[in-house]
Visitor: 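One structure, as structure tokens, below. Some questions next.
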Number of protein chains: 2
Amino acid sequence: MQQKTLPSNMRNKKVVDLHAAKVACKECSLHQLCLPRSINGSDLEKLDSIIERKKPLKRNEHLFQVGSSFHSIYVVRSGSLKTYSPTVDGQEQVTGFHLPGELLGLDAIGKGRHPCAAKALETTSVCEVPFEHLEGLSQELPTLQHQLLRLMSKEIFDDQELMLLLGKKTAEARLSAFLLSISLRFKQRGFSSVEFYLSMSRNDIANYLGLAVETVSRMFTRFQEDGLIEAERKHIIIKNRENMRQIAGMNECCDETSAKDSQQIS
Amino acid sequence: MQQKTLPSNMRNKKVVDLHAAKVACKECSLHQLCLPRSINGSDLEKLDSIIERKKPLKRNEHLFQVGSSFHSIYVVRSGSLKTYSPTVDGQEQVTGFHLPGELLGLDAIGKGRHPCAAKALETTSVCEVPFEHLEGLSQELPTLQHQLLRLMSKEIFDDQELMLLLGKKTAEARLSAFLLSISLRFKQRGFSSVEFYLSMSRNDIANYLGLAVETVSRMFTRFQEDGLIEAERKHIIIKNRENMRQIAGMNECCDETSAKDSQQIS
DNA sequence: AGCCATAATTGATAAATGTCAATTTTATAC
DNA sequence: GTATAAAATTGACATTTATCAATTATGGCT
């Protein structure tokens, strides 16, 4: 598996992390939608023809708002977004982060409305896949239907993993698992799993993990003291993955293995 | 909406709660799969023909084990089950409860293996829907494909709601939201949302909510002191739903409204 | 380049929940 | 029906994490 380290000029610049590293369609989840092994050329063209490229979002711009009506699924091409829901007390609750190659909007099919909002964390471009067209095409192409069901299933599976995390674990276990998860997702897209940039704020991380910002900050400090990571602001280097796994309370099955699994479409 | 209160002879007997109240196929999620509005008679027959009825499970029997290969989706006809995953430290982590009319196994499509085990909480019968057949049939029947995608999307949505709960809330908020959730699900199946039996132990509830058993027990006590519920063992009566909503940090949209939404297939 | 708003860190304290231990209640088996 | 095991409850105490407050660092803007 190829490993690209992000170019060094990204280190001290502001936004360029994920944004600069554009992901070719062939490497993203959409490619998984295209069914790498079994789809043929003309089918792939058909799929390609329904996809719309949208103009890039600037930081803090919304891809969609809470309650907006559902038309399309989106795939992140470059950059990153967060999804969040409003809570009763007027706060927002971050429900997910979306890196290049990942999907947004699957949770909106059921009710026809987006239950959460999606906001760009940096300059971000996405592909738009109109859902009616995708459904129609899935009707023609059994492999595409299958792949769509697989991706939705994976989403359910991933959410459940996160539930485990939020339900049971200590603050350090949560943060450790979070960092490992991000690391793994970078790896799956062909980037380095050892060194990467977090596009989200400590606040977003804390919110997502159900912790106070201060606690997250302290954990970052402790992880550095313990030699688990090096962290300078958003720039993270994983120094001791094995210990982090133990702290996260993960068995190995949740790392390399599942990473491979989700690559090779059987 | 009709409201059936469970027969009084269930009160002081052991198992008969959910188990006794068999749900007709027309009232369960499978009926949603059948697409109430738009599917015609012969299509419905086709769907009916691929469904297998299995012989009932006794309490503590498994429907499937962790890692077992995925063939079918299951629909609960009567009784109830819990799903759970093993954790590193040899414990189990409860990931969900499944009441009559609800689905199991959607999280297994992705990898072809069940990431969790499913165990009957009481005498329980399920319908088995072989996934290959379902996929094939969905290929023929666009409305069925659409419905399948909707149901999976709903699962994603529901999981995210739970994540919100586990991530942010206090112990009392979690338990309150849990009880309201169960109440709502009963209501959706046509049972009373005010009075019902919990088939799962306090231990399972605590595990599911990421709390210690003792904390759950104390919360039950407190809720009774505060007049929110009456609880005698597993028999629960909701006395003050409005206060419980506030404690759970829910806006109304998460109750009646969404209940209706998921009934009417548009 | 410098200013201002925002984000991140750190410390002190309070509140919530987990842990340990004992007791009571309920369920199961003989 | 009784014995035994399992589940639930309750209390005392320890630990973790949230909250409040203050300080420092960073990033965006003119």
Visitor: Indicate the ring-plane relationship of A:Phe186 and A:Phe191, choosing parallel, tilted or perpendicular according to the 30° and 60° boundaries.
Guide: perpendicular

Visitor: Tell me, please, which residues at least two apart from A:Gln65 pass side-chain hydrogen bond (donor to acceptor under 3.5 Å, both in side chains).
Guide: A:His62

Visitor: Would a 4.5 Å heavy-atom cut-off, applied to side chains only, mark A:Thr83 and A:Val94 as touching?
Guide: no

Visitor: What is the distance from NZ of A:Lys58 to C1' of D:dG27, rounded to the nearest Å?
Guide: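 Interatomic distance, NZ of A:Lys58 to C1' of D:dG27: 18 Å.
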
Visitor: Under a 3.5 Å cutoff, is there a donor and acceptor pairing between the side chains of A:His235 and A:Glu230?
Guide: no

Visitor: Mind jotting down which residue pairs meet the salt bridge (Lys or Arg N to Asp or Glu O under 4.0 Å) criterion with at least one end in residues 175-184 of chain B? Sequence neighbours excluded, please.
Guide: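 Matches after skipping sequence neighbours: none remain.
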
Visitor: I'd like to check the salt bridge (charged side-chain N to carboxylate O under 4.0 Å, His left out) partners of B:Lys58; sequence neighbours left out, ordered by chain and number.
Guide: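 B:Lys58 satisfies salt bridge (charged side-chain N to carboxylate O under 4.0 Å, His left out) with no other residue.
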
Visitor: Rounded to whole Å, how long is the line connecting atom CG of A:Asn60 with atom P of D:dC29?
Guide: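 That distance rounds to 10 Å.
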
Visitor: Find the distance A:Leu166:CG to D:dT17:P and express it as a whole number of Å.
Guide: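 Nearest whole value for this atom pair: 14 Å.
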
Visitor: Hey, what are the protein-to-nucleotides 23-25 of chain C N/O distances that come in under 3.5 Å?
Guide:
none

Visitor: Do we see a donor-acceptor contact under 3.5 Å between the side chains of B:Ser80 and B:Ser199?
Guide: yes

Visitor: Does the side chain of A:Asn207 come within less than 4.5 Å of A:Tyr84's, by heavy atoms?
Guide: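 No, every pair of side-chain atoms sits at 4.5 Å or beyond.
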
Visitor: In terms of side-chain heavy atoms, does A:Glu128 have a donor or acceptor partner in A:Ser72 at a distance below 3.5 Å?
Guide: yes

Visitor: Mind listing the residues from residues 202-211 of chain B sitting with a heavy atom below 4.0 Å of DNA chain D? Number order is fine.
Guide: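 The stretch gives B:Arg202, B:Asn203 as the residues lying under 4.0 Å from the strand, ordered by number.
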
Visitor: Quick one: list whatever passes side-chain hydrogen bond (donor to acceptor under 3.5 Å, both in side chains) with B:Lys82, sequence neighbours left out.
Guide: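 For B:Lys82, the residues satisfying side-chain hydrogen bond (donor to acceptor under 3.5 Å, both in side chains) (neighbours in sequence not counted) are B:Glu92, B:Asp204.
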
Visitor: Quantified as the angle between the terminal helix axes (five pairs each), what is the overall bend of the helix from C:dA1-D:dT30 to C:dC30-D:dG1 to 10 degrees?
Guide: 60°

Visitor: Distance check needed: D:dA7 C1' versus B:His235 NE2, whole Å only.
Guide: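 Between C1' of D:dA7 and NE2 of B:His235: 19 Å.
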
Visitor: Who are the side chain to side chain contact (heavy atoms under 4.5 Å, CB included) partners of A:Ala248, not counting sequence neighbours?
Guide: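 In terms of side chain to side chain contact (heavy atoms under 4.5 Å, CB included), with neighbours along the sequence ignored, A:Ala248 is linked to A:Ser176, A:Ala177, A:Leu180, A:Met250.
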
Visitor: Expected output is a numbered-order residue list: members of residues 213-221 of chain A with a heavy atom under 4.0 Å from any atom of DNA chain C. What is it?
Guide: A:Glu214, A:Ser217, A:Arg218, A:Thr221

Visitor: Could you tell me the separation between the CD atom of B:Glu232 and the C1' atom of D:dA8, rounded to a whole number of Å?
Guide: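 B:Glu232 atom CD is separated from D:dA8 atom C1' by 13 Å.
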
Visitor: Among side-chain atoms of B:Arg185 and B:Ser193, is any donor-acceptor pair under 3.5 angstrom?
Guide: no

Visitor: Under the side-chain hydrogen bond (donor to acceptor under 3.5 Å, both in side chains) rule, collect the residues that match up with B:Gln246, sequence neighbours excluded.
Guide: none

Visitor: Check A:Leu162, A:Leu179, A:Leu211 against A:Arg174 for a side chain to side chain contact (heavy atoms under 4.5 Å, CB included) and give me the one that passes.
Guide: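 The passing option is A:Leu211.
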
Visitor: What N/O pairs connect the protein and nucleotides 4-6 of chain C at under 3.5 Å? Give each pair on its own line.
Guide:
none

Visitor: Measure CD/B:Gln224 against P/D:dT10 and give the value in whole Å, please.
Guide: 9 Å

Visitor: Ignoring hydrogens and angles, write down the donor-acceptor pairs under 3.5 Å from the side chains of residues 221-229 of chain B, residues two or more places apart or on other chains.
Guide:
from     : atom 1 : to       : atom 2 : distance (Å)
B:Thr221 : OG1    : B:Ser217 : O      : 3.0
B:Arg222 : NH1    : B:Glu172 : OE1    : 3.1
B:Gln224 : OE1    : B:Ala231 : N      : 3.4
B:Gln224 : NE2    : B:Phe220 : O      : 3.3

Visitor: What is the distance, to the nearest angstrom, from the NZ atom on B:Lys234 to the P atom on C:dT26?
Guide: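 My rounded result for the distance is 12 Å.
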
Visitor: Rounded to whole Å, how long is the line connecting atom CZ of B:Arg222 with atom C1' of D:dG11?
Guide: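 After rounding, the reported distance stands at 15 Å.
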
